[in-house]
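Have a look at the structure below, then the notes.
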Amino acid sequence: MRVRAPFEQVLDLPPPFALVRLRERSDAFTHALDIASQSGAGTLVYVGRFDLAEFAVVLEPDEPLRTARRALYAGMVALSDALLAYAPPGKLVTVDWPDAIRIDGGLIGGGRLGWPGITREDERPEWLVFGAMIRMVLMSGEEPGAHPLASALEQEGFGDVGAARLTEAFARHLMTACDVWQSDGFDGLAREFVQRLPRTPGVIHEIAENGDLLVRRTGGTGAVRCELLPALNAPSWLDPDTGGPRL
């Protein structure tokens with residue numbers, strides 16, 4: 001169910017974002033896909049939940065789908081920067097290419113990207129939707145340590161940072177990431193993204209013109225190419241059974 005005022009007062013979003021708030025247990029990403037063609041760029045769909053920060057934003061790219069998918073990287077940079085803004089000192093926020101977010105190695109969620117299915121690779125898509133989900137609290141009911149590869153903001157010492165504040169921070173940082181893309185070209189944004197990947201000595205990461213990840217070794221002559229499009233079809237962090245981040 002779509003809900004408007006008075007819930008729009010919950011989030012303080014900068015222009016040009018327009019808030020659509022959904023009730024708990026709704027799906028922000030799916031709803032944003034459904035309304036993207038009518039709502040337009042800057043529409044931010046937010047689900048009010050205690051255990052998850054869940055939101056999705058509508059974008060309107062000005063380039064062909066083949067390269068417009070690189071908007072995923074703008075979203076992931078903004079998402080990681082929003083977390084860093086509230087992270088306790090010493091916490092390591094990293095991205096597993098292309099879409100998963102970890103804090104000190106524990107999976108907390110990630111981002112995903114959608115677009116109109118009828119769009120050809122050389123056509124400009126009418127819209128894109130970047131969706132994100134971050135686990136605020138572990139709700140499995142199991143003993144601590146039962147899922148050592150999973151985590152949540154509460155467990156990582158983020159204090160009383162709530163889903164609303166994290167979403168507001170994401171919106172601000174997304175504007176910054178888009179400004180970097182427009183002013184410095186995509187290469188500037190790509191450098192921002194690869195800095196968030198886990199560091200491996202002797203390994204160099206680059207983002208190709210179509211968004212694929214290129215992995216090179218120092219002194220090597222070739223690169224391993226990881227294709228972005230297949231990776232976007234099934235978000236690595238999302239549990240299809242629960243609809244939330246994997247444990």
Side-chain angles (χ1 to χ4, degrees), residues 13-14 16-18 20 28-37 39-46 54-83 95-101 109-134 167 169-197 205-214 226-238:
L13 298 176
F17 291 97
V20 174
F29 185 69
T30 298
H31 189 80
L33 294 175
D34 290 342
I35 68 172
S37 60
S39 60
T43 300
L44 191 148
V45 181
Y46 170 80
E54 182 184 351
F55 51 86
V57 63
V58 179
L59 308 170
E60 291 182 357
D62 58 1
E63 54 189 85
L65 179 59
R66 178 176 177 271
T67 56
R69 289 194 189 95
R70 298 178 300 180
L72 174 79
Y73 297 120
M76 294 304 294
V77 167
L79 189 57
S80 56
D81 281 352
L83 289 163
V95 176
D96 286 355
W97 184 87
D99 58 2
I101 296 274
R112 49 181 165 167
L113 193 73
W115 56 89
I118 60 174
T119 310
R120 297 195 304 266
E121 289 293 295
D122 60 349
E123 287 182 329
R124 183 183 68 83
E126 181 183 358
W127 49 262
L128 298 172
V129 169
F130 176 83
M133 193 179 290
I134 296 295
T167 305
F170 166 81
R172 294 191 297 269
H173 286 290
L174 181 62
M175 294 180 67
T176 300
C178 291
D179 285 344
V180 170
W181 191 345
Q182 293 176 357
S183 61
D184 299 339
F186 179 73
D187 287 348
L189 180 65
R191 287 192 295 270
E192 292 277 344
F193 177 82
V194 298
Q195 290 175 3
R196 290 153 175 78
L197 299 176
H205 296 105
E206 299 173 353
I207 304 298
E209 187 263 347
N210 69 339
D212 291 351
L213 176 70
L214 304 178
C226 304
E227 296 184 2
L228 177 61
L229 180 55
L232 293 178
N233 291 331
S236 64
W237 54 272
L238 184 65

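Atom set for the values below is all heavy atoms of this structure, side chains included, hydrogens, waters and symmetry mates excluded.
- Note that CH2 of Trp115 and CG of Leu232 are 5.0 Å apart. Values are rounded to the nearest 0.5 Å.
- Residues forming a side-chain contact (heavy atoms from CB on, under 4.5 Å) with Thr67 (at least two apart in sequence, or on another chain): Glu63, Pro64, Arg70, Glu209.
- Thr176 contributes atom OG1, which lies 11.5 Å from atom CG of Leu189 (distance to the nearest 0.5 angstrom).
- In summary, the aromatic rings of Phe170 and Phe130 are positioned with their centroids under 6.0 Å apart.
- In this structure, the side chains of Asn210 and Leu229 stay at 4.5 Å or more apart for every pair of heavy atoms.
- Residues forming a side-chain contact (heavy atoms from CB on, under 4.5 Å) with Glu121 (at least two apart in sequence, or on another chain): Leu65, Arg66, Arg69.
- Using modelled atom types, one side-chain atom of Glu60 and one backbone atom of Ala41 make a donor-acceptor pair closer than 3.5 Å.
- Side-chain atoms of Val57 and Thr43, non-hydrogen and from C-beta on, never get closer than 4.5 Å to each other.
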Pair Leu72-Leu228, side chain to side chain contact (heavy atoms under 4.5 Å, CB included): steps then yes or no: CA-CA 10 Å; Leu72 174 79; Leu228 177 61; 3.9 Å; yes

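- Using a 4.5 Å heavy-atom threshold, the side chains of Asp96 and Trp237 count as separate.
- When the side-chain contact (heavy atoms from CB on, under 4.5 Å) test is applied to Pro14, the partners found at least two apart in sequence or on another chain are Phe17, Ala171, Arg172, Met175.
- Inter-residue side-chain proximity for Leu213 and Leu197 is flagged as met; some heavy-atom pair is nearer than 4.5 Å.
- In this structure, the side chains of Glu126 and Thr119 stay at 4.5 Å or more apart for every pair of heavy atoms.
- In this structure, the side chains of Val77 and Trp181 stay at 4.5 Å or more apart for every pair of heavy atoms.
- For the atom pair Trp97 CH2 and Tyr73 OH, the distance stands at 5.5 Å (nearest 0.5 Å).
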